[in-house]
Amino acid sequence: MDKIRIRGGRPLHGSIPISGAKNAALPLMAASLLSDETLTLSNLPQLADIQTMSRLLAQHGVDLHLNGADPASATGGRVLELNASGIDNTTAPYDLVRKMRASVLVLGPLVARHGKAAVSLPGGCAIGTRPVDLHIDGLKALGAEIDLREGYIHASAPNGLTGAHVVFPKVSVGATENMLMAASLAKGETVLLNAAREPEVEDLAACLVAMGAKIEGIGTDRVTIQGVDALHGARHQVVADRIETGTYAMAAAATGGEVELVGGRLDLIEAVGTGLQAAGVELSHTETGFKVSRANGPLTGVDVMTEPFPGFPTDLQAQTMALMTTAEGASMITETIFENRFMHVPELARMGANITVHGASALVRGVPRLTGAPVMATDLRASVSLVIAGLVAEGETVLNRVYHLDRGYERLEQKLAGCGADIERVADDA
Ligand code: UD1
């Protein structure tokens, strides 16, 4: 298995292209199941999770054609054509679902268009129990019969789904996405209350509208969908990855460098921008994105609490903690979305960080420097937080379990090396 070796201490200088969002691309790909016409997605990132979703859709019978780089894309995103006219299998098997929880996003579209689906329960995951009850309850409200047996969610609606009022007891990105897709083909009106407003949810809704869905209230927590008989083909460009954007912004800030994030959108990470500025980081718009710099003086510790959008994203919590490890003073980082999402703490501590966890909060007391160490992480965002720490640390950091990074960061080493980082991928025995 590959490792990543970083020799820290070099400020990042240059520009980094921001890819299409993984978390938008996955539900968009699942949306292809709703039509027998071709859905063409552009600005698609090249990631392990995209391959897993492609494999899942292919085994359902979706015909996928991956074309080269999108000529209109400044960041080299690819174009994928998906045609689901020949669905011959409505089962999402354990082997694929266990690799990627987002596989559950095929449930809503399959039941809505084919009247049935069997999707493996995703099971536990490194960042908490992450149940799927909201997905199941939502589909039940639309009239699906759901039976949990032998580790699978068996859903059926032989006569189709029917619109309903659904109040989510908790904000869920995935459940909102599943319901948006299912309700698009249900009979009559569905109202989703306390819906997730994440930009990736908005991107999916925009694509569904392009496919002929009737959706109002996009980008708010009350979304109304008038079901239609069929959806047609469409072309859609995947929104920029705000988590990748925030990650590189933190890396630039942590190393005291100056980096332009090409294609990055500050408007999608306003809460993060506010936090970075409070910590002493300068942000300025450019013609093609925005620039992050920290030329003057040390960082100051700031308090951060994760919340559903437009709050501070949980997917940037670990990276923020890495940034705060060498800030002056203390910062309190509180995780409200997932339990057990502090697995990066002991690894950061091995690099010299001073962090104490009290329940859902971590108190980070800034230290003058981190030192490189061999580290490993158990999830995607925790892994990249260790990369940021490695870029700042004195000496060498070797990150194990690189496959986590490959799930969500396209060409990470190249993008960072292009800004002067001393970072390379090495084979396990090197
Ligand atoms: C998505 C993102 C993930 C991000 C998360 C929160 C994708 C592919 N993944 O995950 O990167 O960290 O949003 O922004 O887009 N919950 C329930 N029951 C459910 C569903 C969720 O209790 O049926 C809980 C979860 O355990 C969690 C909270 O709701 O505590 C939010 O989870 P959710 O928004 O659903 O996350 P995902 O869609 O899985």
Side-chain angles (χ1 to χ4, degrees), residues 20-31 45 47-50 52-53 56 97-108 119 121-141 146 148 153 155 166-182 192 194-205 221 238-239 241-247 268-269 271-272 305-320 334-343 360 379-385 404 407-409:
K22 164 181 89 79
N23 286 353
L26 296 173
L28 287 166
M29 290 170 73
L47 298 167
D49 273 11
I50 301 295
T52 305
M53 184 57 99
L56 178 63
V97 180
R98 79 182 161 82
K99 280 203 183 115
M100 186 183 70
R101 277 183 55 83
S103 306
V104 77
L105 291 168
V106 301
L107 181 63
V119 176
L121 281 160
C125 112
I127 58 173
T129 47
R130 296 183 83 174
V132 287
D133 54 321
L134 302 175
H135 301 245
I136 292 172
D137 292 348
L139 287 171
K140 276 187 183 163
I146 307 238
L148 300 182
I153 308 165
V166 177
V167 186
F168 292 110
K170 186 172 188 176
V171 179
S172 163
V173 172
T176 303
E177 291 168 342
N178 241 331
M179 293 300 289
L180 272 175
M181 292 188 276
L192 304 179
N194 200 25
R197 291 180 282 164
E198 269 66 3
E200 296 76 24
V201 177
E202 209 174 319
D203 204 36
L204 171 66
D221 61 0
V238 180
V239 68
D241 195 322
R242 68 194 164 101
I243 306 301
E244 188 194 31
T245 305
T247 300
L268 301 183
I269 48 166
V272 178
M305 183 185 285
T306 64
E307 283 173 330
F309 190 84
F312 199 99
T314 174
D315 286 352
L316 285 171
Q317 179 258 107
Q319 300 89 316
T320 309
T334 304
E335 173 60 55
T336 72
I337 309 291
F338 293 112
E339 81 267 29
N340 198 20
R341 204 176 194 181
F342 283 144
M343 273 105 43
D379 75 71
L380 167 60
R381 309 304 171 183
S383 297
V384 87
S385 79
H404 288 300
R407 291 189 51 198
Y409 288 93

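Order of appearance sets the numbers: ligands from 1, and atoms from 1 within every ligand. From a predicted model like this one, the values you see are computed outputs, not experimental measurements.
- Residue Arg341 touches ligand 1 through its side chain alone, judged by heavy-atom distances below 4.0 Å.
- Considering CE of Met53 and NZ of Lys99, their distance stands at 13.5 Å, rounded to 0.5 Å.
- Proximity of Val171 to ligand 1 is established by a heavy-atom distance of less than 4.0 Å.
- The shortest N or O to N or O distance between Val173 and ligand 1 is below 3.5 Å.
- Here the shortest heavy-atom distance to atom 35 (O) of ligand 1, taken over Ser172, Gly138, Ala24, Pro308, belongs to Ser172.
- Every atom of ligand 1 with a heavy atom of Gly174 under 4.0 Å away is listed here by number and element: 35 (O), 38 (O).
- For a threshold of 3.5 Å applied to N or O pairs, the pair formed by Pro131 and ligand 1 contains at least one separation below that value.
- Listed by number with element, the atoms of ligand 1 under 4.0 Å from a non-hydrogen atom of Ile337 are 27 (C), 30 (O), 31 (C).
- For ligand 1, none of its N or O atoms has an N or O atom of Phe338 under 3.5 Å away.
- Of the N or O atoms in Thr314, none lie within a sub-3.5 Å distance of an N or O in ligand 1.
- A distance of 11.0 Å separates OG1 of Thr176 from CZ of Arg197, quoted to the nearest 0.5 Å.
- Ligand 1 has no N or O atom lying under 3.5 Å from any N or O atom of Ala102, backbone or side chain.
- Between Glu200 and Ala24, the closest heavy-atom pair is CG-N, 3.6 Å.
- Of all the heavy atoms in Val97 and Pro122, the pair that sits closest is CG1-CA, 3.9 Å.
- Short contacts between ligand 1 and His135, defined as distances under 4.0 Å to a heavy atom of the residue, involve ligand atoms 23 (O).
- Considering backbone and side-chain N/O atoms, Asp315 comes within less than 3.5 Å of an N/O atom of ligand 1.
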task = Would you check, one step at a time, whether the test side-chain contact (heavy atoms from CB on, under 4.5 Å) holds for Phe309 with Val201?
result = CA-CA 10 Å; Phe309 190 84; Val201 177; over 6 Å; no

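- For atom 18 (N) of ligand 1, the choice among Thr336, Asp133, Ile243 with the nearest heavy atom turns out to be Asp133.
- The distance from atom CD1 of Ile136 to atom CG of Leu107, rounded to the nearest 0.5 Å, is 7.5 Å.
- Separating the CG atom in Leu316 from the OG atom in Ser385 is a distance of 11.0 Å, to the nearest 0.5 Å.
- Taking only nitrogen or oxygen atoms, main chain and side chain alike, Lys22 does not reach within less than 3.5 Å of ligand 1.
- Judged by distance alone, with hydrogens and angles left aside, the side-chain atoms of Thr334 form no donor-acceptor pair with the main-chain N or O of Ala360 at under 3.5 Å.
- Counted by atom type alone, Thr314 and Glu335 present one or more donor-acceptor pairs between their side chains at under 3.5 Å.
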